[in-house]
Amino acid sequence: MILEVKELTKLFTKHQGATEDHIRIHSVMTDSRKTAKQSLFVPIVGENFDAHDFLGEAIKQGAVAALWQEDKPLPRLTPTDFPVFFVKDTTKALQQAASYYLKKVDPIVVGITGSNGKTTTKDLVASVLKTKYRTHKTAGNFNNHIGLPLTVLSMDPSTEAVVLEMGMDRAGEISVLSSLAEPDYAIITNIGESHIENLGSREGIANAKLEITEGLNRDGALIIDGDEALLKDQQAEKWTVSCGFGQHLDYQVTILSLTDESSRFKIGEQVYELPMPGKHNVKNATFVIALAEKLGLSAEEIQQGFRELEMSAMRFEKHEGHNGALIINDAYNASPTSMKAIIEVVSQLTSKSRKVLILGDMFELGEQSETLHESVATAINEKIQAVYTIGNHSNRISEAVAAHSPAIKTRHFTDKQTLGHHVRNELAADTVVLIKASRGMKLEEILKDLVD
Ligand SMILES: CC(=O)N[C@H]1[C@@H](OP(=O)(O)OP(=O)(O)OC[C@H]2O[C@@H](n3ccc(=O)[nH]c3=O)[C@H](O)[C@@H]2O)O[C@H](CO)[C@@H](O)[C@@H]1O[C@H](C)C(=O)N[C@@H](C)C(=O)N[C@H](CCC(=O)N[C@@H](CCC[C@@H](N)C(=O)O)C(=O)O)C(=O)O
Ligand SMILES: Nc1ncnc2c1ncn2[C@@H]1O[C@H](COP(=O)(O)OP(=O)(O)OP(=O)(O)O)[C@@H](O)[C@H]1O
Ligand SMILES: C[C@@H](N)C(=O)N[C@H](C)C(=O)O
């Protein structure tokens with residue numbers, strides 16, 4: 001159970017029905033299409049539906065109480081004893097309920113934001129903290145003004161540490177999440193170009209990410225990418241911990257070796273092994289080590305947490321392809337920084353000699369979109385044998401590659417089926433294929449053509 005209906009009267013003073021009863025709420029329902037016994041129905045007005053139209057369904061699916069936007073007529077047939085709490089905005093009320101519950105459970109709160117690596121770092125933090133604490137984390141990518149409160153309201157009352165991914169695509173959004181979560185520790189993974197269309201510049205992105213300090217517990221810590229010039233000023237703050245490859249950082253990391261499957265690195269004299277490739281993941285792991293040491297975890301506990309990592313889907317997700325090829329689905333999302341980072345990893349793979357990149361459009365890059373797409377070509381060298389692109393902007397990648405490296409096969413496709421069939425015909429045991437594009441491309445749909 002997370003709350004009693006009676007507790008909600010402290011938050012929402014306008015209510016009807018049996019609101020003073022000790023009715024137990026076990027979860028929050030935002031979708032009347034899914035069963036949720038003993039749940040609080042929170043009807044959200046969305047782009048396609050207004051959930052206020054589905055109260056009857058919600059009750060059938062197990063709702064025992066509901067929040068209700070006061071400008072919406074309550075259905076006549078609503079049982080008179082059904083507890084209903086009237087609010088101005090159900091999304092804001094959801095956030096209020098989450099804030100209340102978070103204070104009630106009172107776990108250690110870790111907030112994670114950044115242009116890239118939020119989900120990866122969230123999964124790493126949770127994997128390490130659970131060696132010492134009962135830990136709850138953001139499911140998938142539930143990282144916005146709805147997803148974060150739902151994450152909080154889905155944690156068990158016995159939770160000792162909660163790891164919250166904080167996403168944004170506009171200024172002011174992280175501020176809302178930080179004020180709600182009041183993190184004890186905040187991590188900013190990097191400043192890339194994601195959503196730059198709405199932020200105007202990388203400086204704008206940095207300022208938006210720094211909103212995470214607005215709710216930050218000053219007895220805690222802000223853990224940042226110490227190699228990022230736009231965050232340099234933060235290093236003067238006493239609560240800031242800087243991580244990276246550069247000199248004079250609080251946690252200066254040195255890579256010892258990178259393989260297809262793992263990374264070895266050291267901080268000071270302590271050596272760690274991470275079951276993930278890529279120097280960007282070494283940096284993500286360094287944020288985690290800095291946090292874990294603040295919480296008193298030992299190197300052994302940290303290393304155990306790394307070993308037990310459970311990654312979210314579509315982040316360097318490997319599949320056995322047709323004819324024994326390796327297919328890497330990294331298609332959850334993409335921005336120039338993350339696309340270059342993963343291309344470098346694929347370029348370094350030793351298990352496959354033939355490397356094929358399938359790259360789709362990256363969205364929300366604004367006026368710089370063409371240039372930023374073209375910049376991805378700078379990460380593509382002769383270690384790559386073929387670059388296939390799809391979408392309205394990614395042709396700039398394949399065109400730039402064709403111009404600077406004619407030995408690399410390139411082609412731009414206009415539909416996924418033709419692309420999938422073309423690549424399938426090239427698959428062999430020596431081949432690795434990377435799939436990467438923005439979420440809106442849903443480029444993972446070509447997987448079915450590449451795996452048996
Ligand atoms: C509100 C909601 O959860 N909607 C989800 C729903 O969309 P759908 O179109 O079906 O419904 P509506 O939103 O129009 O309807 C409103 C509600 O009505 C409910 N309902 C509908 C029909 C019915 O018969 N009964 C009902 O009760 C319905 O359930 C709604 O609650 O389903 C979609 C498909 O599964 C979901 O995609 C949609 O989720 C929305 C987008 C959402 O915001 N979900 C959050 C829980 C969440 O965290 N989603 C993450 C992605 C977050 C994200 O994009 N993060 C960005 C950064 C932040 C950007 C920020 N500005 C923003 O706006 O998000 C990032 O870059 O990471 C996820 O899904 O992974
Ligand atoms: N520190 C980093 N710097 C650059 N790229 C990174 C970093 N960490 C992860 N990536 C790359 O970014 C991509 C997405 O990783 P992840 O999903 O963890 O980030 P995210 O911030 O949650 O992304 P999104 O906001 O798009 O969901 C992957 O391609 C991964 O290789
Ligand atoms: C996940 C979502 N917030 C996102 O990043 N959207 C981009 C623009 C996309 O749809 O690709």
Side-chain angles (χ1 to χ4, degrees), residues 28-34 36 41-58 61 63 66 90-91 94 112-124 138-151 154 164-174 176-177 187-195 198-199 208-209 225 227-228 243-244 276-287 311-317 328-346 362-364 379 434-440:
V28 167
M29 177 200 292
T30 56
D31 191 341
S32 68
R33 297 164 291 193
K34 296 172 185 166
F41 181 48
V42 180
I44 292 169
V45 180
E47 287 179 14
N48 302 309
F49 301 96
D50 178 352
H52 291 84
D53 295 338
F54 309 110
L55 179 57
E57 264 308 292
Q61 293 278 35
T90 46
T91 299
L94 175 71
I112 303 171
T113 194
S115 296
N116 312 104
K118 297 185 292 297
T119 300
T120 301
T121 304
K122 172 260 296 182
D123 290 335
L124 278 169
T138 296
N141 199 59
F142 267 36
N143 65 16
N144 69 3
H145 56 301
I146 299 168
L148 184 140
L150 288 178
T151 300
S154 65
L164 299 173
E165 183 177 332
M166 297 184 178
M168 68 96 198
D169 62 18
R170 281 175 178 75
E173 292 182 347
I174 297 290
V176 169
L177 303 179
I187 298 174
I188 301 178
T189 58
N190 82 328
I191 306 299
E193 312 83 7
S194 303
H195 312 299
N198 307 323
L199 284 302
K209 300 299 183 186
D225 174 2
D227 299 322
E228 173 52 66
C243 302
M276 306 170 83
K279 67 179 189 179
H280 58 274
N281 283 320
V282 169
K283 188 177 286 190
N284 292 337
T286 306
F287 301 135
M311 267 304 290
S312 296
M314 293 204 267
R315 279 78 173 183
F316 209 76
E317 184 185 273
I328 298 173
N329 172 8
D330 199 277
Y332 181 78
N333 215 340
S335 65
T337 298
S338 67
M339 194 173 268
K340 291 174 188 172
I342 201 74
I343 288 169
E344 182 177 339
V345 173
V346 172
M362 298 174 285
F363 296 155
E364 294 185 31
L434 169 70
I435 306 171
K436 189 153 186 71
S438 249
R439 180 78 321 254

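Atoms within a ligand are numbered from 1 in the order they appear, just like the ligands themselves.
Close contacts between ligand 2 and N284 involve ligand atoms 1 (N), 7 (C), 8 (N), 9 (C) [criterion: under 4.0 Å to a heavy atom]. Ligand 1 places these atoms under 4.0 Å from at least one heavy atom of G147: 45 (C), 46 (C), 48 (O). Ligand 2 places these atoms under 4.0 Å from at least one heavy atom of Y332: 27 (O). The atoms of ligand 1 that sit less than 4.0 Å from any heavy atom of G46 are 12 (P), 13 (O), 14 (O), 15 (O), 16 (C). Listed by atom number, the atoms of ligand 2 under 4.0 Å from D330 heavy atoms are 28 (C), 29 (O). Atoms of ligand 1 lying under 4.0 Å from at least one heavy atom of I44, given by number and element, are 1 (C), 16 (C), 17 (C), 18 (O). Against a heavy-atom cut-off of under 4.0 Å, T119 is close to the following atoms of ligand 2: 17 (O), 18 (O), 20 (P), 22 (O). Remark: ligand 2 atoms within the under-4.0 Å shell around heavy atoms of T337 are 4 (C). Of all atoms in ligand 2, listed by their number and element, those nearer than 4.0 Å to a heavy atom of N141 are 27 (O). Residue-ligand proximity, I342 to ligand 2, at heavy-atom distances under 4.0 Å covers atoms 31 (O).
Looking at every heavy atom in both residues, D225 comes nearest to T189 through CB-O, 3.4 Å. Of all heavy-atom pairs spanning N198 and E364, the tightest one is ND2-OE1, 3.3 Å. The nearest pair of heavy atoms linking S312 to K122 is OG-NZ, 3.4 Å. Nearest approach of L148 to E165, heavy atoms of both residues: CD1-O, 3.9 Å.
Counting heavy atoms closer than 4.0 Å to ligand 2, residue T120 contributes atoms from both its backbone and its side chain. At a 4.0 Å heavy-atom cut-off, ligand 1 touches F49 through backbone and side chain alike. In E165, the part holding a heavy atom less than 4.0 Å from any atom of ligand 2 is the side chain. The proximity of R315 to ligand 2, defined as any non-hydrogen pair under 4.0 Å, is limited to the side chain. When heavy-atom distances to ligand 1 are checked against a 4.0 Å cut-off, N143 comes that close through both its backbone and its side chain. Heavy atoms of F316 found under 4.0 angstrom from ligand 2: none, in either backbone or side chain. Counting heavy atoms under 4.0 Å from ligand 1, residue R439 does not touch it at all. Of the heavy atoms in S312, none comes closer than 4.0 Å to ligand 2. Of all the heavy atoms of F363, none lies under 4.0 Å from any atom of ligand 1, so neither backbone nor side chain is involved. Neither the backbone nor the side chain of K118 has a heavy atom within less than 4.0 Å of ligand 1.
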Go through the steps for E193 and S115 under the test side-chain hydrogen bond (donor to acceptor under 3.5 Å, both in side chains), then give the verdict. CA-CA 7 Å; E193 312 83 7; S115 296; over 6 Å; no

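Rounded to the nearest 0.5 angstrom, D330 CG and K436 NZ are separated by 4.0 Å. Atom NZ of K209 and atom CE of M166 lie 11.5 Å apart (nearest 0.5 Å). To the nearest 0.5 Å, the span separating OG1 on T120 from NE2 on H280 amounts to 6.5 Å.
Contact between G278 and ligand 2 is absent, with no heavy atom of the residue lying under 4.0 Å from the ligand. Using 4.0 Å as the threshold, K436 has a heavy atom nearer than that to some atom of ligand 2. For the ligand labelled ligand 1, residue R170 lies outside the 4.0 Å heavy-atom shell.
One option in H280, M276, M168 has a heavy atom closer to atom 31 (O) of ligand 2 than any other, and that option is H280. Here atom 59 (C) of ligand 1 lies nearest to D169 when heavy atoms of D169, L94, L55 are compared. Between atom 21 (O) of ligand 2 and the options K283, H195, K118, the minimum heavy-atom separation is to K118.
Proximity of a side-chain donor or acceptor of N333 to a complementary backbone N or O of R439 within less than 3.5 Å is detected. Remark: the backbone N or O of G147 is paired with a side-chain donor or acceptor of N144 at under 3.5 angstrom.
Because its NZ or CZ atom is both nearer than 6.0 Å to the ring centre of Y332 and within 45° of the ring axis, R315 counts as a cation-pi partner of that residue.
For E165, no nitrogen or oxygen atom sits less than 3.5 Å from a nitrogen or oxygen atom of ligand 1, counting backbone and side chain alike. For ligand 1, none of its N or O atoms has an N or O atom of N333 under 3.5 Å away. Looking at G114 next to ligand 2, no N or O pair under 3.5 Å apart turns up. The N/O atoms of N48, backbone and side chain alike, include one that comes under 3.5 Å of an N/O atom in ligand 1.
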